[in-house]
Amino acid sequence: QEDELTLQLKWVTQGQFAGYYVAKEKGFYEDAGLDVTIKPGGPDIAPTQVIAGGGADVVVEWMPAALAARERGLPLVNIAQPFKKSGMMLTCLKETGVEGPEDFPGRTLGVWFFGNEYPFLSWMSHLEIPTEGGEEGVEVLKQGFNVDPLLQKQADCISTMTYNEYWQVIDAGIPEDQLITFKYEDQGVATLEDGLYVLEERLEDPEFKDALARFVAASMRGWEYAAENPDEAADIVLEYDETGAQTEKHQQRMVREISKLTEGSNGTLDPADFQRTVDTLLAGGSDPVITEDPGDAAWTHEITDMAFE
Amino acid sequence: MNIPLAAPGAGAGRSGRVGLWLRGVADKALPVLAVVAAIFVIWYAAAVWMNSQWTLDQAARAGQEVTFSEIVADTLTQDRPKLPAPHQVAVELYDTVIDKEITSRRSLVFHAWITLSATLLGFGFGTVLGILLAVGIVHNRAMDMSVMPWAIASQTIPILAIAPMIIVVLNSVGVQGLVPKAIISAYLSFFPVVVGMVSGLRSPQGMQMDLLRTYNASTAEVFWKLRLPASMPYLFASLKVGIAASLVGAIVGELPTGAVRGLGARLLSGSYYGQTVQIWSALIMAAVCAALLVGIVGAVQKIVLKRMGMSA
Amino acid sequence: MTDQAVPFAKGWLGPGSVKFFGALAVVLVVALVLSPGLLPLLAVWGFSWWLNARIAALPKSRATKLAVPVIFGLTILVLWQLVVRIYDVPGVILPAPTDIWARLTAEVPTLWEDFVQTFVKGALSGYVMGCAAAFVTAVLIDRSPFLQKGLLPVGNFIAALPIIGTAPILVMWFGFDWESKAAVVVVMVFFPMLVNTVAGLSATESMQRDLMKTYAASYWQTLFRLRLPAAMPFVFNGLKICTTLALIGAIVAEFFGSPIKGMGFRISTEVGRLGLDMVWAEITVAALAGSAFYGAVAVAERAVTFWHPSQRK
Amino acid sequence: MALAQEKPQVSLAPQPSVVTANGLDLTFQTADGPVHALKGVDLDIGKGEFVSFIGPSGCGKTTFLRVVAALEEPTSGEITVNGMSPEEARKARAYGYVFQAAGLYPWRTIGKNVKLPLEIMGYSRDEQERRMRSVLELVDLKGFEKKYPWQLSGGMQQRASIARALAFDADILLMDEPFGALDEIVRDHLNEQLLQLWARTEKTCLFVTHSIPEAVYLSTKIVVMSPRPGRITDVIDSPLPRERPLDIRDSQAFIDVAHRVREGLRAGMDDV
Amino acid sequence: MALAQEKPQVSLAPQPSVVTANGLDLTFQTADGPVHALKGVDLDIGKGEFVSFIGPSGCGKTTFLRVVAALEEPTSGEITVNGMSPEEARKARAYGYVFQAAGLYPWRTIGKNVKLPLEIMGYSRDEQERRMRSVLELVDLKGFEKKYPWQLSGGMQQRASIARALAFDADILLMDEPFGALDEIVRDHLNEQLLQLWARTEKTCLFVTHSIPEAVYLSTKIVVMSPRPGRITDVIDSPLPRERPLDIRDSQAFIDVAHRVREGLRAGMDDV
Ligand SMILES: Nc1ncnc2c1ncn2[C@@H]1O[C@H](COP(=O)(O)OP(=O)(O)OP(=O)(O)O)[C@@H](O)[C@H]1O
Ligand SMILES: Nc1ncnc2c1ncn2[C@@H]1O[C@H](COP(=O)(O)OP(=O)(O)OP(=O)(O)O)[C@@H](O)[C@H]1O
Ligand SMILES: Cc1ncc(C[n+]2csc(CCO)c2C)c(N)n1
Ligand SMILES: [Mg+2]
Ligand SMILES: [Mg+2]
């Protein structure tokens, strides 16, 4: 008798989620007595809303969004954190003359919204740059799904992930030496990405906790396997991509880039990372992303402890 | 509307029926072909013009000079053109429609089928709902006065905005898969059906109604023997609008359901990766599907109305 | 026409309302057994149904015509509120009408800014440009049956291109600001308007055209004195259809890239932030604006086509 | 006007009454205010009579027929049909109604159009078929059962609609300008046939027309009406024999009756 | 048929010809094959005549009028209007056309409807106003300038459309069943007025009708046509005086002419 679990991803089927697909394909979940359904995300899917509506048991979400949702009365709890580092960055065309954050005022920057804008907003408030445009501030665009704004020169800089959009810019024909990047990690405003979250009240159920522990353990096995066999992991991801739109080259590269972000995490959340994220979000000047420290209730080691004992 | 039977002096001559038929086909096809040809010419010109910026930028980055003919050649073969040239779209369509097995996820036919199944289910829901509402409106004055204004208001709500919420709400009551998509598609298609069907059910003239009253016919008999048959032409006219709306609804519904399969997913994934060629071919496929569906409804209309003796 | 519905309404009023309340009582008892939560819902529904049937049976007047849909709408709102409260629906799924109202009144400046960006700059400008272009095109191709026969089928085909696909393309072409939204709107409204205007221009009766011929009237005289006036009911039909298309087009286009204001921007952003009350506030504004827009065009239609049988009385 | 007084309501016919109206009044409430369509209408129609109603447009001819058929309710006054209320008479299927336009349902064949009342009244299949055939033969439309209305000429459609009204055994035939839309020749022909049919079946006919010759040619009694409020200004019992060849219309008796009808119409006009 | 031979094309009128047709043929090409609408039509109409065309539905009356008005081109044969081709006559504004239905533009007031041809023909504002008023007075519609067509009764609309055709000075008046939709009384009244108008203005009138009494009452010449292919079967020069009170219709001369017209129609019918 297998326990059923539904996992809602943050984005479409791609190398970013290789660990989960590998675990499913390789039978790691089955071995753990789990029947896991993986639901791909997309630009119109807010994992937080899906879990609130009961459409998933576990979601992959960025911590800023999860904490913001918590403040809005949706008590999400981080049960594991496979991603150690942030992959977010701002990518600019060299020809625009942007060399450092001090050049941002007066520029047009592309930003993802839909709950992904928090890291950017807190960075800007760190820099004390208003986001309402004008001489002093930056002009913010709601960036669509792709890197066109940069290629079409509608924005001076756009948001990219180290593992995805950045390479799309390269693939489009702009050589690396024409680009300037600002990684959030390097700017000291990194926030935790791609953690696993569940609803707090469900953690009172020991059977569910047990299933979660097995799920986290099996997922981490998947991540390890993916890191060791990136090409095979990419193939598995492609296998699960039903749109038929992904390419092998891009996914193989993505899985390798993702390994750099998962490196250094066995799945257990480092409370220091958590605190750093919270501090970054709280430091948002007049308009912080979250207004008070959520405290330890927003995460638990219980599951990872059970998983790795 | 009021096209005269034949222009004076526009004789069919001795060519007879076959000739007349051929003439009819040529009469219809020629203008369309001419317009399509014109569109292609404009399209190519626009492709060169719109894509040349990128070519020039790239040359500048590489520090090269380009001649006009090089620009033209490059603009028509770019990987991520701002506007793909018609032949690029044609090649992509050939690849994904003809060249792939229809069970393959890279086959557009496969994706089209996914979208069509949601479309048809949604169209079914929408049509049934629309007809039921129309029957209620026609027979019940309170419904007549209260439903219509709200039905109009419902159509001013941007469906893309509430689609994710519909999906989540349905999800939370355990409805998943094809049905949520179909419901979104039904949301768009019920409206034209209500509007058309209400005027259809009310189309019998006073005299036709009075005739049945002189027979002392019941409300049900009036409905089955008069209102319903009289509404058929109206019904079909709105079904044509409705099925096109259903298709749009099904595509919209694919986005918040994970956009994993279907034409909507193709459009979106083309969009993520800047694959304009893929977007264009999916777009054209969607339009072809719409034309096909409308055509099928039209054919059914012809048959039904003919069997009912209502088309000359 | 509607008076055929009267006997029904009458039935519930007189001795029928006894029957009606009897039936309602039975339903309520059954509901009580199934789920007590249903009780107030059905009671509210039943009461307003009865009320509406009663009002609808009164002679038609401005007041009853307004009251019935308003009561219907209020009923929906009350039921919504009750459902949310009784079943404790989380606010991040479906906020209660009172929450939405609170947000609506609190965020008036933001809502106004979004409204201006999306409705005035995007939808309205696109609507005007698209409809005007279609109208002029219709008049131009009107003289050429060849162009009509060619353009209309192709136009129908192009009109079937789903907006989800065209919007990102147009955003790529025309940039992030309202220009691309207007472009999306132009594309959406152009063909419906064209088809209606072309149909309208040929909507004259042959006798009316022959009359002009007997006066040896010129093309332009016939156009301005006969065909354009006769086309107006069709033109307005097109204009009405296009009002809803315009608003929807402008909002949807913002999903694919926008400045950080606008109704579509706000809706998609707030969904991601779980600000569902704000989302519904925007939707309310959209529905109100859309209905008002439609209403305004309908009023203009009444003024211009006062002579058409559908507008008389 | 004066004529109405001269001709008191003494029916010479010894037959029992089929329709009696006493002080019938009907007022329509419209947006523009009330329209007085019928005022103080007294009338007595005996069994087997052929009564034509003639009068200017809008004088209430149709309204009167509709009252008889229980399609309209009088505001005051009394009316009985076969001794019952019009409503009861309708439920007893006492009459067939032929409207001004043929009003055939375009999605039904001629045969099925004729069967429509029979279906609703629950006749058996066989009986429907039998009656449909016999009645179509009666109006000279044998062989057209399978055709659709639009495949027939206007005159044939009108005949089909008469057949439809004859298909069930109603004693009373109410006809509202059944031949209004037809040209003179076809009309003459149908008038002849209608007379023959009436002679054969002994039905009571109430017939509305605008045409003086038609009224005179067909009727045993002609009711002349005046417009708003619709009143009866003259009731003329025809001296013509029941047997009427078409060229009776050139006879002096015919011309005299026609003259009197025209005068009656004039008088009504001048009142307004 | 026979009648047509008996009555050769000898017009007794000494006036100059306004319309002459010689061997006029017109065939419509339709999806169902050709329709022979006019065949070998010879006709000569003198100035100031009032000519009625009568014949069964579909016999080509309208078609003939349309040929005269250059709205249809004959397949073969010759026709002149005022000595020119119909096309030239149209450009010279030689005629006013009154269609079967009033055909007023509903978005224009009655006054503006009457002004329509005047605007198109470039009359000055004042002149437009003057003519509109005088012509509306002529048809008894004074005071209705500001009303919209749908606010008038059918008869008034028809009079307005006649006013429209009279507003500019056309010598020839083509009227296609202008009173077809009206009831007998109104029709009588309009017939009387039309006759007076015609007597006053000396226009040449071509008038299509279905009604034998109307044709006889109005015309100096009656053209009887037979259906498909539309031919002229009889041309009757009326012996009635130009001055015609309404009750001339009860005179023997009138009845005789009517009888002859009816016989002509019969004969045409039997051919088919
Ligand atoms: N349903 C109605 N509502 C309001 N007024 C009506 C209605 N039906 C008829 N009338 C009015 O009642 C009057 C009599 O109408 P009716 O149809 O009986 O005239 P009619 O003699 O049959 O005329 P016609 O010869 O034109 O058919 C008219 O003035 C008409 O406008
Ligand atoms: N535009 C057309 N195309 C094809 N056939 C036509 C056309 N106009 C008229 N006809 C046919 O030509 C014949 C003569 O028509 P026309 O309208 O002249 O008849 P009519 O004598 O005026 O009849 P009615 O009394 O019914 O008005 C008819 O058979 C008609 O069907
Ligand atoms: C509309 C839109 N919203 C958010 C993101 C951000 N996002 C969520 S997961 C992920 C990693 C995949 O590259 C990224 C970038 C996006 N891309 N597009
Ligand atoms: Mg009537
Ligand atoms: Mg005609």
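Keep in mind the model is a prediction, meaning the values are calculated, not measured. In what follows, every chain begins at residue 1, and chains take the letters A, B, ... in the order their sequences are listed.
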Inset, instruction - Check whether C/E254 gets within reach of chain A through its side chain, its backbone, both or neither, counting any heavy atom under 4.5 Å. - result: backbone
Inset, instruction - Would you mind checking which part of C/V89 comes under 4.5 Å of any heavy atom in chain A, side chain (CB onward), backbone (N, CA, C, O), both or neither? - result: neither
For [X] and [Y], work out which heavy atoms get closest and say how close.
X      : Y      : value
C/F176 : A/K142 : CE2-O, 3.1 Å
C/M172 : A/Q152 : CG-NE2, 3.8 Å
A/A52  : C/P90  : O-CG, 4.4 Å
C/G272 : A/A46  : CA-CB, 4.2 Å

Legend entry - Passing option when C/L274 is tested against A/E71, A/Q49, A/R70 for side-chain contact (heavy atoms from CB on, under 4.5 Å):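 Of the listed residues A/E71, A/Q49, A/R70, the side-chain contact (heavy atoms from CB on, under 4.5 Å) partner of C/L274 is A/Q49.
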Over 12 non-hydrogen atoms of neighbours within 6.0 angstrom of [atom1] in [X]:
X      : atom1 : result
C/W173 : CH2   : yes
A/E136 : CD    : no
A/E128 : CD    : no

Inset, instruction - Just give me the residue among C/S258, C/P259, C/G257 that pairs up with chain A most often, heavy atom to heavy atom, under 4.5 Å. - result: C/S258
Legend entry - Reported CZ-to-CG distance for the pair C/F256 and A/N146, which is rounded to 0.5 angstrom: 11.0 Å
Inset, instruction - Would you give the length of the straight line joining atom CG of C/L276 to atom CZ of A/R72, rounded to the nearest 0.5 angstrom? - result: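 So the CG of C/L276 and the CZ of A/R72 are separated by 9.0 Å.
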Chain C contact via [X] - which portion, at a heavy-atom distance below 4.5 Å:
X      : result
A/A68  : neither
A/L141 : both
A/A65  : neither

Inset, instruction - Decide, yes or no, whether a salt bridge links A/E117 with C/R273 under the criterion of side-chain N to carboxylate O below 4.0 Å. - result: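 Looking at C/R273 together with A/E117, the answer is yes, because their closest N to O distance falls below 4.0 Å.
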Legend entry - Beyond-backbone contact of A/F113 with C/S268, side-chain heavy atoms, under 4.5 angstrom: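 A side-chain contact is absent here, since even the closest heavy-atom pair is not under 4.5 Å.
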